[in-house]
Amino acid sequence: WGFSGGGPGGSYQTVTYPTTDGNPDGYVRIDTSADTWWTVLISNGDAPYDISNLGLVAGNTYTFQFDMRTNSAADNIGGMKVEAWQDNVGIDDPNSDQPLGSGDQRQNVAEADVWVTYTFDYTLPAEMNQIKFVPIWSSGIVVDFDNIGVLRDVSANYTVAASATPGGSV
């Protein structure tokens with residue numbers, strides 16, 4: 001993971017990788033309890049990742065999933081976004097200064113200090129061949145993320161031929 005941020009006097013969030021107490025084991029913790037203006041945590045050391053390595057196809061719709069836990073129950077305090085990239089360049093979004101993507105998928109947290117799995121659907125743009133996962137959060141809280149990924153249809157039709165000998169089973 002790569003990250004950057006800014007705040008008064010150059011303050012940044014604290015990012016740690018505890019090895020226990022995740023959902024189930026290790027996870028990433030972002031502590032913005034210090035005064036920060038903005039912070040970004042980006043997958044793959046901030047380099048876009050080829051969607052083919054994830055078995056994804058541009059133009060298809062997928063369900064993205066992540067586990068999140070926060071130290072505060074509130075609306076819109078954490079979430080995820082997906083960015084669309086092509087050949088190491090963010091695909092231009094004419095409505096934003098950020099690359100084209102899912103937009104901020106902020107979640108309403110009903111209970112503090114509890115792991116919850118969140119999902120959202122996103123259709124990959126036809127010209128996309130790379131992806132970035134970007135966990136997002138609000139200033140002044142601690143947010144934990146685990147099991148960030150994408151669900152894809154792995155079902156397939158298979159024909160199975162079987163036979164049994166007398167007294168055997170199939």
Side-chain angles (χ1 to χ4, degrees), residues 1-7 12-13 15-17 22-30 32 36-70 74-110 114-139 141-160:
W1 293 93
F3 74 94
S4 62
Y12 290 93
Q13 75 284 355
V15 177
T16 57
Y17 301 90
N23 195 23
D25 299 316
Y27 63 99
V28 61
R29 167 168 280 177
I30 300 96
T32 64
T36 58
W37 294 328
W38 62 275
T39 53
V40 180
L41 182 68
I42 306 168
S43 64
N44 200 34
D46 197 15
Y49 193 74
D50 288 344
I51 63 172
S52 63
N53 292 336
L54 298 172
L56 306 180
V57 177
N60 288 354
T61 300
Y62 296 96
T63 299
F64 292 85
Q65 175 177 295
F66 60 98
D67 295 345
M68 185 176 72
R69 173 177 70 181
T70 67
D75 293 346
N76 303 313
I77 60 173
M80 180 72 56
K81 72 176 178 176
V82 172
E83 291 183 355
W85 288 66
Q86 181 183 43
D87 301 329
N88 296 315
V89 176
I91 297 174
D92 184 48
D93 181 348
N95 300 314
S96 172
D97 62 351
Q98 301 294 316
L100 187 64
S102 65
D104 291 357
Q105 301 295 312
R106 293 189 175 272
Q107 304 300 318
N108 297 332
V109 177
V114 174
W115 284 108
V116 176
T117 300
Y118 298 96
T119 62
F120 63 94
D121 291 337
Y122 176 59
T123 301
L124 305 183
E127 67 272 30
M128 177 181 180
N129 63 12
Q130 295 171 312
I131 193 168
K132 285 186 180 182
F133 296 89
V134 183
I136 54 177
W137 55 89
S138 298
S139 187
I141 63 167
V142 176
V143 182
D144 301 331
F145 290 97
D146 203 355
N147 303 314
I148 296 169
V150 58
L151 305 176
R152 58 185 181 87
D153 184 13
V154 295
S155 65
N157 293 324
Y158 294 100
T159 302
V160 177

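Counting from 1, the numbers follow the sequence of the chain as shown. Keep in mind that this is a model prediction, so the values were computed, not measured.
- With rounding to the nearest 0.5 Å, the separation of CG in Asn53 from CD1 in Ile131 is 11.5 Å.
- Between Pro48 and the options Lys132, Glu83, Met128, a side-chain contact (heavy atoms from CB on, under 4.5 Å) holds for only Lys132.
- Partners of Asp50 by side chain to side chain donor-acceptor pair (under 3.5 Å), not counting sequence neighbours, listed by chain and number: Gln130.
- Rounding to the nearest 0.5 Å places CE of Met68 at 12.5 Å from CG of Asp146.
- Residues passing the side chain to side chain contact (heavy atoms under 4.5 Å, CB included) test with Val150, sequence neighbours excluded: Leu56, Tyr62, Phe64.
- For the residue pair Asp92 and Pro94, the shortest heavy atom distance occurs at O-CD, 3.7 Å.
- In terms of the side chain to side chain donor-acceptor pair (under 3.5 Å) criterion, Asn95 has no residue partners (sequence neighbours excluded).
- Inter-residue side-chain proximity for Val82 and Gln105 is flagged as unmet; no heavy-atom pair is nearer than 4.5 Å.
- Listed by chain and number, the residues in a salt bridge (charged side-chain N to carboxylate O under 4.0 Å, His left out) with Arg29 are Asp144 (sequence neighbours excluded).
- Pairing each heavy atom of Pro135 with each of Phe133, the nearest pair is CD-O, 3.7 Å.
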Name each donor-acceptor pair under 3.5 Å that joins a side chain in residues 118-127 to protein atoms two or more places apart or in another chain, with its distance.
residue, atom, partner, partner atom, Å
Asp121, OD1, Thr63, OG1, 2.6
Thr123, OG1, Thr61, OG1, 2.4

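- With sequence neighbours excluded, no residue satisfies side chain to side chain donor-acceptor pair (under 3.5 Å) with Asp75.
- Scanning for side chain to side chain donor-acceptor pair (under 3.5 Å) contacts around Asp67 gives Asn23, Thr117, Asn147, with sequence neighbours left out.
- Here the shortest heavy-atom pairing between Pro99 and Gly90 reads CB-CA, 3.9 Å.
- In this structure, the separation between CZ on Arg69 and CZ on Phe145 is 12.0 Å, given to the nearest 0.5 Å.
- The heavy-atom pair separating Asn129 from Gln86 by the smallest distance is OD1-CA, 3.1 Å.
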